[in-house]
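The structure displayed is predicted, hence computed values, not measured ones. The figures that follow rest on heavy atoms only: side chains count, while hydrogens, waters and symmetry mates do not.
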Amino acid sequence: MFKNKLVLLAPIIAFLVVFIFSLTLFPSVQSKPRNLPIAVVNEDQGFEIQGQPKMNMGQTIVEMMRKTAATTEGDPAVKWVEVSSAEEARNGLNNQEYYAALVIPSDFSAKQASLRTPKPSVPEIQIFINQGMNTAASAAAGQILNGVVDNMNNILRAQLLEGFKTQGVMLTVEQAAGLASPIAKKVTNVNETGAKSVNGNAPVSLFQPLWMACIASSAILFITFSKRLVKTRRESLVSKLLHILMGAIASLAVGFGLTWLANGMLDLDIPKFADTALFLSVTFFSFFLMITAVMSVLGIRGVAIFALLLFFGAPLLALPPEMMSSFFREWIHPWLPMRFMVDGLRELFFFGKGFGWNAPVTALTWISLVSGIVILGSALKVRVQKTERTATAYRQ
């Protein structure tokens, strides 16, 4: 029994299978934010009390956040990015540069100083959460910013109480109410996911059916065209072009069909039906050419590579790079072609962009061009095979 090599290799194979599929679980198990870019806007003009230095509580808050990030061991959870205006921060949110933004208004110090007067006016900080950029990261950014404001509330409340105690004054009803929350916060969701999906993950949800349909159609067409008898390089080239044409037809069917199913049956509320359908068609065609190109080199066994990509890709697509370990962020995520599909759908669904020549479409186009060259180049195999057959017949 032990003379059979498969029996001896069974434990090793079992371990390799466990190892490979365990890697697909690590991203979601070990996910925690690292260097999440969050914009900070300090528009506080400060407040000057006669006989005392000018007070700028906004700048004090910014410096405290900067010091906290600097003293954190390892990579901090947040990368605070100071910008000059609220408008610049909003533009950054719309361009997917920040997961959130904190805006300190121009009258913050003045209102903070009024808390010590009989008629206080509670200062307000604005928090913008960029929901459409990534569900997990925007939720984490929101929790961090809410924690910052809550911490400042506790510090300011203690300072006010100590000041009132030292002065020995009686608090008015307004002052007592202000002490409950010395800093108000207004949270606004931008690029909202809304009802488009259960956790804003509609782009990720559409990946699996499209990817599986692409693998299936690529394998079927590859097997079908591989059985065709071609005798010359010209016939092989025509066969490859026909193969690509059939893939293009399948791309349109899947692109418009999947969009119709998502909008009509899954209630994803597709905002731009035609743009989404065209983008999914381009995505499918790009993936189809990529899979076909690999099979042109490796044969039908090349499908296994893309089946593994499904298991590796799905957990990573829902996470931003800032919540991945360094291994997955640097060695796995950059090489996942399906991330361009998710990025493109996010722009269509949540950022009001239309189908156009953007970064995801550019990347998919390059994948298509390189894959197309490999497919057409495989037509040269005919001459090699013919030469080998001639040489074999001559030797016999």
Side-chain angles (χ1 to χ4, degrees), residues 36-72 76-94 97-130 141-190:
L36 282 178
I38 297 179
V40 180
V41 182
N42 179 27
E43 297 181 334
D44 189 8
Q45 299 297 317
F47 183 75
E48 188 172 359
I49 301 176
Q50 188 174 5
Q52 297 184 15
K54 188 174 184 180
M55 176 181 65
N56 192 311
M57 285 300 297
Q59 187 60 36
T60 301
I61 294 175
V62 173
E63 289 176 358
M64 286 183 61
M65 292 189 296
R66 192 188 301 123
K67 289 179 181 178
T68 301
T71 56
T72 303
V78 176
K79 177 184 177 182
W80 301 108
V81 182
E82 296 183 45
V83 296
S84 58
S85 65
E87 182 180 359
E88 183 180 345
R90 283 191 290 269
N91 290 334
L93 293 170
N94 292 331
E97 297 174 13
Y98 316 119
Y99 290 103
L102 183 143
V103 179
I104 303 173
S106 59
D107 58 355
F108 185 81
S109 291
K111 287 187 175 181
Q112 193 274 331
S114 73
L115 294 175
R116 295 176 171 82
T117 66
K119 293 184 178 181
S121 180
V122 176
E124 182 181 76
I125 285 181
Q126 290 183 301
I127 296 175
F128 296 94
I129 307 297
N130 199 1
Q143 291 177 355
I144 291 170
L145 289 180
N146 278 291
V148 168
V149 177
D150 291 341
N151 185 47
M152 289 301 304
N153 263 324
N154 293 333
I155 295 174
L156 184 55
R157 186 185 301 112
Q159 291 176 348
L160 290 171
L161 286 173
E162 184 65 25
F164 288 133
K165 181 179 179 181
T166 302
Q167 295 174 7
V169 298
M170 294 292 293
L171 298 181
T172 65
V173 175
E174 291 82 1
Q175 287 174 323
L179 285 175
S181 182
I183 301 176
K185 56 187 175 183
K186 180 181 179 182
V187 180
T188 304
N189 293 323
V190 297

Heavy atoms only: give me the nearest [X]-[Y] pair and the separation to one decimal.
X      : Y      : value
Ala100 : Ile129 : CB-CD1, 4.1 Å
Met65  : Trp80  : O-NE1, 3.4 Å
Leu156 : Pro182 : CD2-CB, 3.5 Å
Val83  : Ala39  : CG2-CB, 4.2 Å
Leu145 : Ala101 : CD1-O, 3.9 Å

Backbone of Thr117 reached by a side-chain donor or acceptor of Ser114 within 3.5 Å: no
When you measure from the side chain of Glu43 to the backbone of Ala86, do you find a donor-acceptor pair of N or O atoms at a distance under 3.5 Å? yes
Spacing of [atom1] belonging to [X] relative to [atom2] belonging to [Y], to within rounding of 0.5 Å:
X      : Y      : atom1 : atom2 : result
Tyr99  : Leu93  : OH    : CG    : 12.0 Å
Arg90  : Tyr98  : CZ    : OH    : 13.0 Å
Gln159 : Leu115 : CD    : CG    : 11.0 Å
Asn153 : Ile183 : CG    : CD1   : 5.0 Å
Ser109 : Met57  : OG    : CE    : 6.5 Å
Asp107 : Gln112 : CG    : CD    : 12.0 Å

Salt-bridge present (Glu82, Arg66; N to O < 4.0 Å): yes
Measuring only between side-chain heavy atoms, which start at C-beta, is Val187 closer than 4.5 Å to Gln126? no
Do Asn42 and Asn56 have side-chain heavy atoms sitting under 4.5 Å apart? yes
Does the side chain of Gln59 pick up a donor-acceptor pair with the side chain of Asp44 at under 3.5 Å? no
Give the intermediate values and the outcome of side-chain contact (heavy atoms from CB on, under 4.5 Å) for residues Ile38 and Val81. CA-CA 6 Å; Ile38 297 179; Val81 182; over 6 Å; no
Test side-chain contact (heavy atoms from CB on, under 4.5 Å) on Val149 and Ile127 and set out the steps. CA-CA 10 Å; Val149 177; Ile127 296 175; 4.0 Å; yes
Assess whether side-chain contact (heavy atoms from CB on, under 4.5 Å) is satisfied between Phe128 and Asn189, documenting all intermediate values. CA-CA 6 Å; Phe128 296 94; Asn189 293 323; over 6 Å; no
Stepwise side-chain contact (heavy atoms from CB on, under 4.5 Å) test for Ile104 and Val62: CA-CA 9 Å; Ile104 303 173; Val62 173; 4.2 Å; yes
When you look at NZ of Lys185, are more than 12 heavy atoms from neighbouring residues, nucleotides or ligands closer to it than 6.0 Å? yes
